[in-house]
Protein chains: 2
Amino acid sequence: MPSTTTHAATGPAPAPVGRRERKKAATRQAIADAALRLFLERGYDEVGIREIADAADVSTTTLFKHFPVKEALVFDEDSDQEARLLAAVRERPEGRSIPAALREHALTTRLATGAAEDGDFAAFANLVATTPALRDYAQNMWLRHAAALARVIAEESGLAADDPVCAALAHFALEAPRAASTHDNPRQAIVRAFDLLEHGWSGHAQADA
Amino acid sequence: MPSTTTHAATGPAPAPVGRRERKKAATRQAIADAALRLFLERGYDEVGIREIADAADVSTTTLFKHFPVKEALVFDEDSDQEARLLAAVRERPEGRSIPAALREHALTTRLATGAAEDGDFAAFANLVATTPALRDYAQNMWLRHAAALARVIAEESGLAADDPVCAALAHFALEAPRAASTHDNPRQAIVRAFDLLEHGWSGHAQADA
DNA sequence: CTCAATAAGTGCAACAGTACAACTTTTGAA
DNA sequence: TTCAAAAGTTGTACTGTTGCACTTATTGAG
């Protein structure tokens with residue numbers, strides 16, 4: 001997702017307290033911004049690491065201290081997103097089921113990302129879709145998120161960690177928004193999908209608070 | 001899969017007719033063998049391309065003419081396997097259902113690979129499992145195979161190319177053997193899984209010859 | 001049989017992504 | 001002020017991968 005330095009308060013990143021950490025975050029952001037700009041201008045494969053580092057006015061070593069591999073420059077907010085996703089399940093209000101929490105999360109984040117920067121976002125999506133390296137990387141990210149989510153679901157629901165139901169719910173919860181984006185009315189699609197899921201689910205696991 | 005140059009007649013590769021093509025195949029095999037040996041001896045990341053090329057007595061350029069990327073050295077027989085898989089569906093005997101053909105294929109290839117070289121095979125599996133680059137690559141291979149299989153299923157069954165049923169069957173057919181390998185009695189597991197599948201399937205698509 | 005087209009293979013230099021190590025500057029706190 | 005840790009820098013080198021110019025072997029057609 002393109003990040004324009006100013007992002008709404010949709011998660012656990014509102015408090016970079018120390019002067020140090022703020023500077024660090026700033027550097028990181030400068031790198032990510034420069035990278036994304038160059039990538040969108042000229043294509044992922046046409047822009048080298050050294051050039052990005054130059055554009056952000058840091059050394060390549062510094063760049064790699066912030067982003068472990070080139071692809072990570074594009075999926076900057078990856079870990080933040082994952083953290084928010086897991087938090088949405090872990091810290092859901094009392095009495096709300098896990099699927100309901102997931103639906104809620106899917107809806108809010110979809111609104112947030114799709115809102116202000118629809119043009120940028122389309123360009124970004126296109127970049128990823130047309131660059132094989134990025135497609136692969138995104139796919140693996142997706143799998144990692146699904147796995148992490150499955151573990152959290154297992155913890156929260158009290159099911160066995162390797163219960164297929166957890167994996168299935170996780171997969172579904174991540175797949176639904178993906179599928180919905182090709183729909184004419186994404187929000188409606190998400191709601192429907194999750195409604196269906198919840199009923200199937202409640203038969204399986206009634207043990208969540 | 002480890003390939004010991006002498007492999008049973010389990011597929012469509014028995015006729016490298018021209019002198020030229022035979023030499024080419026020999027070179028390829030020499031490279032793959034050298035690579036696999038070195039990888040198993042010292043680990044994937046500890047062996048460089050140049051060293052492999054030396055061991056097979058070819059130049060790195062030649063090596064890359066046979067294998068597009070380093071990982072492909074390990075999954076040498078990838079495309080052969082995929083071809084056999086698709087052929088198993090396309091050229092199934094008259095009157096045999098698609099799931100039945102897939103079950104058959106799963107059983108025979110499992111026997112073939114698991115038979116003589118169980119030690120080698122375990123080492124190979126371990127190599128892949130412990131090397132992230134290879135795990136990722138294998139995962140993508142799996143997805144590509146599943147997609148290809150789904151297309152063939154669509155053709156053969158007359159269903160729409162993007163019918164989820166095709167994708168689901170393809171996924172299942174490839175997943176079952178994977179899951180079965182952790183089972184105590186793999187063959188039994190495969191048979192059961194496919195039996196179950198066939199009944200679910202026959203309700204959905206009765207239109208295959 | 002000859003010959004030109006084609007494919008396989010060679011050697012080398014270059015580039016891009018990444019790692020590493022030794023060093024300098026900031027910065028948080030005592 | 002002082003100091004140790006963290007952030008950043010520089011330079012260097014390794015590894016996968018590609019491009020280029022070139023040699024050699026195979027082959028199909030005349």
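Note that the coordinates shown come from a computational prediction; the quantities given were computed from them, not determined experimentally. Every heavy atom of this structure was used, including side-chain atoms; hydrogens, water molecules and symmetry mates were not. Residue numbers begin at 1 in each chain, while the letters A, B, ... track the order of the sequences.
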Evaluation steps, salt bridge (Lys or Arg N to Asp or Glu O under 4.0 Å), between A/Glu156 and A/Arg92: CA-CA 10 Å; A/Glu156 292 287 320; A/Arg92 68 190 186 283; 3.0 Å; yes

Five-pair end axes of the helix from C/dC1-D/dG30 to C/dA30-D/dT1, angle between them (10°): 20°

For the student: nearest non-hydrogen atoms of A/Lys70 and A/Val47, plus distance: NZ-O, 3.0 Å

More than 12 heavy atoms from other groups under 6.0 Å of CZ on A/Arg135: no

For atom CG of B/Asp45 and atom P of D/dC14, their distance in whole Å: 17 Å

B/Asp57, CG: over 12 other non-hydrogen atoms inside 6.0 angstrom: no

Please produce a list of atom pairs where a protein N or O lies less than 3.5 Å from an N or O of nucleotides 2-4 of chain C.
none

Closest approach of B/Ala34 to B/Ala55 (non-hydrogen atoms, all atoms of both residues): CB-CB, 4.1 Å

Spacing between B/Ile49 atom CD1 and C/dA16 atom C1', to the nearest angstrom: 15 Å

Selection: residues 131-142 of chain B, any non-hydrogen atom under 4.0 Å of DNA chain C: none

Rounded distance in Å - NZ (A/Lys70) to C1' (C/dC15): 12 Å

Full working for salt bridge (Lys or Arg N to Asp or Glu O under 4.0 Å) between B/Glu21 and B/Lys24: CA-CA 5 Å; B/Glu21 315 199 16; B/Lys24 178 169 181 174; over 6 Å; no

Donor-acceptor under 3.5 Å (B/Ser157 side chain, B/Leu159 main chain): yes

Spacing of B/Arg22 atom CZ relative to D/dT26 atom C1', expressed in whole Å: 12 Å

For the student: nearest non-hydrogen atoms of A/Ala173 and A/Pro177, plus distance: O-CD, 3.1 Å

A/Glu21 CD to C/dT27 P, straight-line distance once rounded to whole Å: 13 Å

B/Phe67 CZ - D/dT17 P separation (whole Å): 13 Å

d(CZ, A/Phe64; C1', D/dC14) in whole Å: 14 Å

Non-neighbouring partners of A/Phe67 that pass ring pair (Phe, Tyr, Trp, His ring centres under 6.0 Å), sequence neighbours left out: none

For A/Ala146 against A/Ala170, the heavy-atom pair lying closest together: O-CB, 3.4 Å

Qualifying side-chain hydrogen bond (donor to acceptor under 3.5 Å, both in side chains) pairs with a residue from residues 37-52 of chain B, counting only residues at least two apart or across chains: B/Arg37-B/Glu41, B/Arg42-B/Glu51

Letter per nucleotide, 5' to 3', of nucleotides 7-12 of chain D [B base touched, S only sugar-phosphate touched, - untouched; heavy atoms, 4.0 Å]: SBBBB-

Whether B/Thr62 side chain and B/Val58 backbone form a donor-acceptor pair below 3.5 Å: no

Rounded distance in Å - CG (B/Asp54) to C1' (D/dT15): 14 Å

B/Asn140 side, atom CG; B/Asp136 side, atom CG - distance, nearest 0.5 Å: 7.0 Å

